[in-house]
2 protein chains.
Amino acid sequence: MLATYTGVPTVLSADLGSPVTAVEHEDCPVTDVLRRVGDKWSVLIVVLLGRSPRRFNELHRSIEGISQRMLTRTLRGLERDGLVTRSVQPTVPATVEYALSELGGSLLLPLSALTDWVMAHNGDIALSRGRYDSQREDGHMS
Amino acid sequence: MLATYTGVPTVLSADLGSPVTAVEHEDCPVTDVLRRVGDKWSVLIVVLLGRSPRRFNELHRSIEGISQRMLTRTLRGLERDGLVTRSVQPTVPATVEYALSELGGSLLLPLSALTDWVMAHNGDIALSRGRYDSQREDGHMS
DNA sequence: CAGCATCCACGTTGATACTG
DNA sequence: CAGTATCAACGTGGATGCTG
């Protein structure tokens, strides 16, 4: 089931300037997607919509703690990038359904690779943090 | 070369509360790593250290535009999580070498999955943005 | 129901100056 | 060389009130 991939990570063979310039870093499409993935709500919304399409308030109720403003903003961003589709039914009052696009669906796979890694190494990270933090608090003598 | 994986993305089968509570979202180790991956410098530093270990100022020169403060902060964060190792040579003045740990190296694979996805679909995203933006500016009539 | 507009708090990042 | 300390700017996210 788990193919233990042994090749060289492609990030290591990517062509980077030396030094990496500020513009290169800022204009890089990867940087761009990483920012999106790192924001507070995008991934959660993508995952939820990956399970089933939902209307605006349905989504709002699915996520405790998200403000209306941020739900709107995040959905607009995802829609703009083509990851999410927005369809308005001309009922009164209006009904709007959000769904994952094919592009958005394809993002779930690399996303899963990342979340699987976290679940596998989460314990190591916690241990490392524990060690690091305890070394500072008790005297941090050389 | 490219194994077209057809299984169900594991993020979709992950157990989530309904609604997802604020605490669940905040305490989730995945959320945590996503924030790190989404910050401005972490991934770049991980990739650079994945190519070769470097000293502090070496790293500083490798990345145009990063401030000394942010380089320090980012390295501390990566070290705390156990992704990067820091070794001090007792020379005068001190020499400090940073390197990717085994854990950090293992992160390069899921990271590559993500960056590969971006390189493959970058064009789609750009097109979608173009369409979205032009629809708003020219009159956005119904 | 599905938003937008406004104002505000906070966290992240950057600039600058200084140190073992 | 490899940092720390302080202050300032900016962007993200939240609260509240209003609307087609």
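Not measured: the values here are computed from a predicted model. All chains are named by letter (A, B, ...) in the order of the sequence lines, taking the proteins before the strands, and each is independently numbered beginning at 1.
The aromatic rings of His25(B) and Trp41(A) lie parallel to each other, with less than 30° between the two planes, well short of the 60° mark.
The side chain of Arg73(B) lies closest to dT13(C) when the candidates are dT13(C), dC1(C), dA2(D). The Thr72(B) side chain lies nearest to dG3(D) when the options are dG14(D), dG3(D), dG14(C). With dG3(D), dC1(D), dA5(D) as the choices, the nucleotide that has an atom nearest any side-chain atom of Arg76(B) turns out to be dG3(D). Counting only heavy atoms from C-beta on, Arg55(B) has its side chain closest to dC1(D) among dC1(D), dC1(C), dG13(D). Among dG14(D), dG3(C), dG3(D), the nucleotide with an atom closest to any side-chain atom of Arg86(B) is dG3(D). Distances were taken from every side-chain heavy atom of Arg61(A) (C-beta onward) to each of dA15(D), dC1(C), dG3(D); the shortest belongs to dC1(C). Picking from dA2(D), dG3(C), dG14(C) the nucleotide with the shortest atom distance to the side chain of Phe56(B) gives dA2(D). Listed nucleotides dG14(C), dG3(D), dT12(D) differ in distance to Arg35(A); the shortest reach to its side chain belongs to dT12(D).
Looking at Asp32(B) and Arg129(A), a side-chain N of the basic residue comes within less than 4.0 Å of a carboxylate O on the acidic one, giving a salt bridge.
In this structure, Asp39(B) places its CG atom 15 Å from C1' of dG14(C), rounding to the nearest Å. Rounded to a whole Å, the CG atom of Leu75(A) is 13 Å from the P atom of dG13(D). Here the P atom of nucleotide dC1(D) and the CD atom of Glu58(B) are 10 Å apart, to the nearest Å. Counting to the nearest Å, the P atom of dA15(C) and the CD atom of Gln68(B) are 12 Å from each other. To the nearest angstrom, P of dA2(C) lies 14 Å from CZ of Arg54(A). Atom NE2 of His60(A) is separated from atom P of dG14(D) by 10 Å (rounded to the nearest Å). To the nearest angstrom, P of dG11(D) lies 13 Å from CZ of Arg69(A). Rounded to whole angstrom, the span from the CZ atom of Arg136(A) across to the P atom of dT4(D) amounts to 10 Å.
Within the cation-pi definition used here (under 6.0 Å to the ring centroid, within 45° of the axis), Arg136(B) qualifies as a partner of Tyr132(B).
For dC1(C), neither phosphate oxygen OP1 nor OP2 lies less than 4.0 angstrom from any side-chain nitrogen or oxygen of Tyr98(A). Look at Lys40(B) and you won't find any side-chain N or O under 4.0 angstrom from OP1 or OP2 of dG11(D).
For the pair Met70(A) and Pro93(A), both in contact range of DNA chain D, the more 5′-proximal nearest nucleotide belongs to Met70(A). Comparing Val96(A) and Gly65(B) by the nucleotide of DNA chain C whose heavy atom lies nearest to each, the residue mapping closer to the 5' end is Val96(A).
Counting non-hydrogen atoms of other residues, nucleotides and ligands closer than 6.0 Å to CD of Gln89(B) gives a total above 12.
Side chains of Ser128(A) and Asp81(B): a donor-acceptor N/O pair is absent below 3.5 angstrom, by distance only.
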